[in-house]
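For reference, positions follow the sequence shown, starting with 1. These numbers come from the heavy atoms of this one structure, side chains and all, not from hydrogens, waters or symmetry mates.
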Amino acid sequence: MNTLSTHVLDATAGAPAVGLHVTLTDTHGTSLGAGVTDDDGRLTGFTGALPEGTYHLTFATGDWFSRREVASFYPEVTVTFRIPKGSSHFHVPLLLSPYSYSTYRGS
C-alpha cells in the first residue's frame, strides 16, 4: 500500500506554512483528495492506497501569500511525481518563498 504526505515550510519566515490548501489529482485531473496544512505545515492521509502511477500535488501558494499581504510570483505550485509499483510511503516536502520554491522526495 502506497501512502502520501506533504510538509510545507515558509523559508522567509523560517516557520511552517500553516493553512495552505493542497489538492491531489491524477493525470486525468481527477481529484483524489484535498486539505489544508496543519499547525506544523503538514498534510497527511490524502487517500487510502495509491496505485502505481503519476500524480500532481497542487499548492495554492498565491492565495496563501495574499492572505498574509505578501506579494508573490507563483499563484500555485504543482509538483508532479511518479509512484512506482510496490508498497511504500511517499513524502513530498515544499520549501516556499514568494519568488522561489524547491521540493524533493522526503522520507
(request) Please name the pair of heavy atoms, one in His7 and one in Asp40, separated by the smallest distance, quoted to 0.1 Å. (result) NE2-O, 2.9 Å
(request) Indicate yes or no: at least one non-hydrogen side-chain atom of Thr12 is less than 4.5 angstrom from one of Val70. (result) no
(message) To the nearest 0.5 Å, what is the distance between OH on Tyr55 and CD1 on Ile83?
(response) 5.5 Å
(message) Is it the case that the ring center of Phe81 lies less than 6.0 angstrom away from the ring center of Phe90?
(response) no
(message) Can you see whether His56 engages Thr78 through a side-chain donor-acceptor pair at a distance of less than 3.5 angstrom?
(response) no
(message) Show, in sequence, the C-alpha distance, side-chain angles and deciding distance for Asp26 and Thr54, and conclude whether the side-chain contact (heavy atoms from CB on, under 4.5 Å) test is met.
(response) CA-CA 6 Å; Asp26 63 17; Thr54 301; over 6 Å; no
(request) Look up atom CG in Asp63 and atom OG in Ser72, then write down how far apart they are to the nearest 0.5 Å. (result) 9.0 Å
(message) Do Leu4 and Leu57 have side chains that approach each other closer than 4.5 Å (heavy atoms only, starting at C-beta)?
(response) yes
(message) Can you tell me how far apart NE2 (His91) and OG1 (Thr3) are? Round to the nearest 0.5 Å.
(response) 11.0 Å
(request) Please confirm whether the backbone N or O of Arg42 pairs with a side-chain atom of Asp38, one donor and one acceptor, at under 3.5 Å? (result) yes
(request) State, to 0.1 Å, how close Pro98 and Phe65 come at their nearest heavy-atom pair, and which atoms those are. (result) N-CZ, 3.5 Å
(request) State, yes or no, whether a side-chain contact exists between Tyr101 and Leu95 at a heavy-atom distance under 4.5 Å. (result) no
(message) Please check: side-chain N/O of Trp64 versus main-chain N/O of Phe59, any donor-acceptor pairing under 3.5 Å?
(response) no
(request) Give the minimum heavy-atom separation between Pro84 and Asn2, together with the two atoms involved. (result) O-ND2, 3.9 Å
(message) Could you report the tightest heavy-atom contact between His21 and Ala34, atom names first, then the distance?
(response) NE2-CB, 4.0 Å
(message) Please evaluate residues Leu96 and Asp10 with respect to the criterion side-chain contact (heavy atoms from CB on, under 4.5 Å), reporting the C-alpha separation (whole Å), side-chain torsions for both, the decisive distance (0.1 Å), and the verdict.
(response) CA-CA 5 Å; Leu96 183 61; Asp10 178 354; 5.6 Å; no
(message) Could you check whether any side-chain heavy atom of Pro93 comes within less than 4.5 Å of a side-chain heavy atom of Tyr104, counting everything from C-beta outward?
(response) yes
(request) Could you tell me which non-hydrogen atom of Leu32 sits nearest to which non-hydrogen atom of Thr25, and how far apart they are? (result) CD1-C, 4.1 Å
(request) Verify, without hydrogens or angle tests, whether Arg82 (side chain) and Glu52 (backbone) share a donor-acceptor contact under 3.5 angstrom. (result) no
(message) Do Val22 and Leu24 make a side-chain contact, defined as non-hydrogen atoms from C-beta onward lying under 4.5 Å apart?
(response) no
(message) Looking at Leu43, is its backbone amide N or carbonyl O close enough to the side chain of Ser5 to form a donor-acceptor pair, meaning the two atoms are under 3.5 Å apart?
(response) no
(message) Quick one, Val36 and Leu20 - any side-chain contact, counting heavy atoms below 4.5 Å?
(response) no
(message) On a heavy-atom basis, which atom in Gly41 and which in Pro16 lie closest, and how many Å separate them?
(response) N-CB, 3.5 Å
(request) Working to the nearest 0.5 Å, report the span between CG of Leu50 and OG of Ser88. (result) 11.5 Å
